[in-house]
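First comes the structure, then the notes that go with it.
When reading the values below, keep in mind they use all heavy atoms of this one structure, side chains included, and skip hydrogens, waters and symmetry mates. Letters A, B, ... are given to chains in the order of the sequence lines, protein chains preceding strands, and every chain is numbered from 1.
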Amino acid sequence: MILRLVERTAVLLVSLAVSSVLVFGFLAVLPGDPARVALGVNASDEAVAELRRQFGLDRALTTQYVDWLTGLLHGDFGTSYISKAEIGPQITDRFQVTLWLVVTGMVIALLVAAPAGTVMAARHRKLSGLALSAFSQVGVAVPAFLAGILLIMLFAVKLGWLPANGWTPPAEDPGMFLRQLILPALSLGLVQGAVLTRYVRSAVLDVLREDYLRTARAKGLRPFPALWRHGLRNAAVPVVTVLGLQLATLLIGAVVVERVFVIPGLGSLLLDGVSNRDLLLVQDVVMVLVVAVLVVNFLVDLLYVALDPRLRVSR
Amino acid sequence: MKSYLSPVVALLGSVTLLAAAACSAGSGSSSGSSSPGADQSLAIGLVAEPASLDFTTTDGAAIPQALLGNVYNGLVKQDESGKIVPDLAKSWTISPDRKTYVFTLVDNAKFTNGQPFTADDAVFSIERVKTAWTTSLKSAMDVVQTAKAVSPTELQVTLTKPSNDWLFRMTTRIGAMFSKTGVDKLATEPIGTGPYKFGSWKRGDSIVLQRNDAYWGTKPHFGQVTLKYFKDPTALNNALLTGTINVIGTVQAPEALSQFTSNDKYQVIEGTTNGEVLLSFNNSRPVLSDIRVRSAIRAAIDHKALVETCWAGRGKLIGSMVPPTDPWYEDLTSVTPYDLPKAKSLLQAAGATGKTLRLRLPTLPYATSCGQVVKSQLEQAGLKVQIDQLEFPAAWLTAVLKNADYDMSIIAHVEPRDLGAVFNAKYYTRYDDPTLQQALAAADAGDEATQVSEMKKAARRLSEQAAADWLFLIPNLMVADKDLKGLPKNAITESLDLSTLSR
Amino acid sequence: MSADLGPVGHAVGGRRRWNPSLLVGGFIVALIAVVALVSFVWTPYDATLVDPAGRLASPSWTHWLGTDKFGRDILSQLMVGSRTTLFVGLVAVGVAAVIGVPLGIFAAMTRRWSSELVMRANDLLLAFPALLLAIMFGAVFGASTTTAMVAIGIATIPSFVRVIRSGGMQVMRTEYVLAARAAGRRPFPIAIRHVLPNVVSLITVQASVSFAIAVLAEAALSFLGYGTPPPTPSWGRMLQESQEFLFSAPRLAVFPGLAIAVAVLGFNLLGDGLRDHFDPKLEDRR
């Protein structure tokens, strides 16, 4: 267990280092001189050169890379070339927004998927199971932004129950925060829930085939109680893995929903950065997203070990 | 002459531009306006968010839209009819040789950092354009020889040559008055003398302006105004429908307007802007340097059908580079009317039938939309059109505006009086025409009547030479709560004047 | 309540048989392919022909699904759009398979650090989801169908590597591979002769599922403006363009929305069906 932890940590650190080089290298080749973009197209070459010097863009790439990385390690994300504002606070701010959205979405997904998937597995030959199965197939096929547009049309514009878009920080107005969170979280959660349902179903089916569950049933336990007592912990292992992966990809995947609901999240920050050629900002946001995915996967890995006793001894 | 030659990156804003619902005067008084409602607030939905708050170093129409006239004052401003009227300057005189201007300044204006506004600040602001500004607009100040403070309330500016254009440019962001001690953090904490002071900026979301209680003029009605930015036109509409905002500063999805016109909770305002939507030509390309080809393209486009298709029929047809609010406006749509057979024969004569032209579109709603109609119509006349999309702003600016690596493009030029800036050999239109330049120089130097007649000549010349095609003029389309007063019919300045709004 | 716990003592069927998922999925995918092929030789109208006079027409005998704001025939656009969808899916899945399958087999066959390296690199690639890659590529190379396809393709590599590796490891433990190795066969011939043919079914299944994901990704990218540029018809962009008509003409959103959903459904069902078909033991599991 300890060995595994050490090994995993080492892998995480190497992955972080490699990805930082990748992200930096990729953006170094991005066409469009940030200094020229910042100054406008008709700026003089001298002015551009001066600004490049101010930004430190005239230094060797390796120096720039080391500076950038050292800054990141100290929590200093630098100052935007375009808006001249500190990038760190912006990222923290946007990250929180996206995190609220994604986590709420995932909770909804889980609330939908866990019961639906279990029923689908336990009744997989019955009409109810098949109907749920068909329903989840359709859910998987709907793009999240389409779901969002439909929800807005129905609940915001037609019925007027909830705001169509916008974002209020929870500290500012908790009521408004919740009202504005519901629809976007639902559009993420329902679609992701449909995806997750399929994994829950197959995980539960696997568990149902295990000997200990058959024994439990042979002892006279009825199917759902048997599953409840013995199966869920084991079914949770693969589901947690998928959950982790979904969470990670949703940090950027939520950008589409953010766009539909005008939510100032991390993905929107990235899109704005790209269209303004705010390179340092783009570089920082991409790096944060990548780090988030790697860390989440690392944690899932550890959780995996914690949940599955059999894995504790292996390796 | 110089100021005309210097290219102005007007359109930076164009995203923007649509947003550029600039209000000038238009006073409204209501029960509430007699005693400004301290807690009354207003939220306005706009399209393009500024990249920075510093328009001295960052291009784009979104910054002056939010700040000019609200946070910053100029010496002079433009009223809704296009006339230049007093702002921080109570009055001014022009010497007989038209080179020396003496401004008498108000004596009770204060910056929001507590400093009084004096002629020294005006001198500082004018000189700073030449020294510290980095945007290309700064060239409008090149014509200034000296600026000096005669007394705290008297400013004297001497030009190197007579220029009608200079005083006009002073109504734009170039003329914004800064505090000598308040320019350290322009990008994040702007300081001015205006009716509003900068409150906060939630990046990616909104800018909040607070009423400036120490304002020297009539205090505005609303205590707080939020400018909320929407990338998606549909989301903008929904925000008004569900009461998140009170005004759509500029309608980006005109097709969806019917949901407001049919609802008596809202008022729809329709007027004109300075935004000429150009089908621009690279006049230096072999095929397009031939006036027959350019004229053929103009004749091949059915403008009425085009604006009907891509902007829901809202938008005036102009036929040259002058909006109806300029004194020298003439309807020039009849210079090259829609005539498909003529277009075909012109192309035949020029040997251009079957040639391929590259139409490089910025990723803006009107450009994407109209580009597809242009392609279809030109192909009926016998040209081949290859569309590609460039991300706006960065990619389009570099490829088309800077490098002129294009045959045709579509962009709205939103700068006021930008005819001379857009059509010259150095700008991306690569339009080299001494006859035009002569007319422009004469207009700049002459008296009012000369200016009008020479500008008319210039506009007609452009249209006859088919230096570009003018698809239509972006309309000023606003939707607002029914009881909101003081919204301008025409949006012809760079600023969105919030001080005139009331309930 | 008598829930059937299912396959208690379920016989391992040796016979490969057709199942509903395979039939329905196969039918949908075949239909899309046929429509795409037909669109090369015939569409009711030129899909990009702008006709201002006939804009926003309701469905009728002349235009079965009506026209859009440019007066373009929606049915024709959907037909040509199916080409874009298939093209994006094919290239994306192709890129992923061409890179992912050899890497997966390699990782399955080598036991030492090289295998570990491939898998760690694979995990690293997981940190760059399709949307993120497409936005980054779009910034560098400009938004186009090609950049979208390649980005989606690269982001799909890890799933291929994982699946093929685990399948490949099973094959490596079979008797004939052990025999071949004992007989001194070199790794490359073993990979081609034994491993690859035995993971073909896995590749097919994975390709089908990835195809569905690619279709969704293309739609999302087109919605953000990083996908197929006009005037090439694309279902995702049709959906995006329909937004301002949600009140006046919702059908403009309905048809492309349905097309996307049905296509994704088709490829998912096909993937499920293929899995069951190739591996009847798993019939109930999907």
Checking A/Val23 against chain C: side chain, backbone, both or neither under 4.5 Å from a heavy atom? side chain
In terms of heavy-atom proximity below 4.5 Å to chain C, should A/Val11 be classed as side chain, backbone, both, or neither? side chain
Take A/Gln137 and C/Asp272 through the side chain to side chain contact (heavy atoms under 4.5 Å, CB included) test and state the conclusion after the steps. CA-CA 11 Å; A/Gln137 281 281 17; C/Asp272 287 355; 2.8 Å; yes
All heavy atoms of A/Ala141 vs all of C/Ala261, minimum pair found to be CB-O, 3.2 Å
Which region of A/Leu251, side chain (C-beta onward) or backbone (N, CA, C, O), has a non-hydrogen atom less than 4.5 Å from a non-hydrogen atom of chain C, or is it both or neither? neither
A/Gly253 to C/Leu131 - nearest heavy-atom pair and separation: CA-CD2, 3.7 Å
In terms of heavy-atom proximity below 4.5 Å to chain A, should C/Leu126 be classed as side chain, backbone, both, or neither? both
Per-residue contact mode, A/Leu150 against chain C (heavy atom under 4.5 angstrom): neither
A/Tyr199 atom OH: more than 12 heavy-atom contacts under 6.0 Å: no
Atom group of A/Val274 that falls short of 4.5 Å from chain C, counting heavy atoms: side chain
What's the spacing between A/Leu294 CG and C/Asp123 CG if we round to 0.5 Å? 8.5 Å
So which of C/Val264, C/Val215, C/Asn268, C/Leu258 has the biggest tally of heavy-atom pairs under 4.5 Å with chain A? C/Val264
Hey, could you give me the CD/CZ distance between C/Gln240 and A/Arg259, rounded to the nearest 0.5 Å? 9.0 Å
Measure C/Phe267 against the heavy atoms of chain A and call it side chain, backbone, both or neither at under 4.5 Å. neither
Minimum side-chain heavy-atom gap A/Phe145-C/Leu224 below 4.5 Å: no
A/Pro143 versus C/Ile260: any side-chain heavy-atom pair under 4.5 Å? yes
Looking at chain C, which one of A/Ile149, A/Val255, A/Asn297 has the largest number of heavy-atom pairs inside 4.5 Å, strictly under? A/Ile149
If I measure from the heavy atoms of chain A, does C/Leu265 come under 4.5 Å with its side chain, its backbone, both, or neither? both
With side chains defined as the heavy atoms from C-beta onward, is the minimum distance between C/Ile135 and A/Val286 less than 4.5 Å? no
Are A/Leu146 and C/Phe223 packed together at the side-chain level, in the sense that at least one heavy-atom pair is separated by less than 4.5 angstrom? no
Can you say whether C/Leu132 sits under 4.5 Å from chain A via the side chain, the backbone, both, or neither, judging by heavy atoms? both
Taking every heavy atom of A/Ser15 against every heavy atom of C/Leu124, the minimum-distance pair comes out as O-CD1, 3.5 Å
In this structure, CG of A/Leu12 is separated from CZ of C/Arg120 (nearest 0.5 Å) by 11.0 Å
Does a side-chain heavy-atom distance below 4.5 Å link C/Leu216 with A/Val142? no
Using heavy-atom distances under 4.5 Å, tell me whether C/Ala219 contacts chain A through its side chain, its backbone, both, or neither. both
What are the two closest non-hydrogen atoms of A/Val256 and C/Ala220, and how far apart are they? CG2-CB, 4.1 Å
Decide if the gap between the ring center of A/Phe26 and the ring center of C/Phe128 is smaller than 6.0 angstrom. no
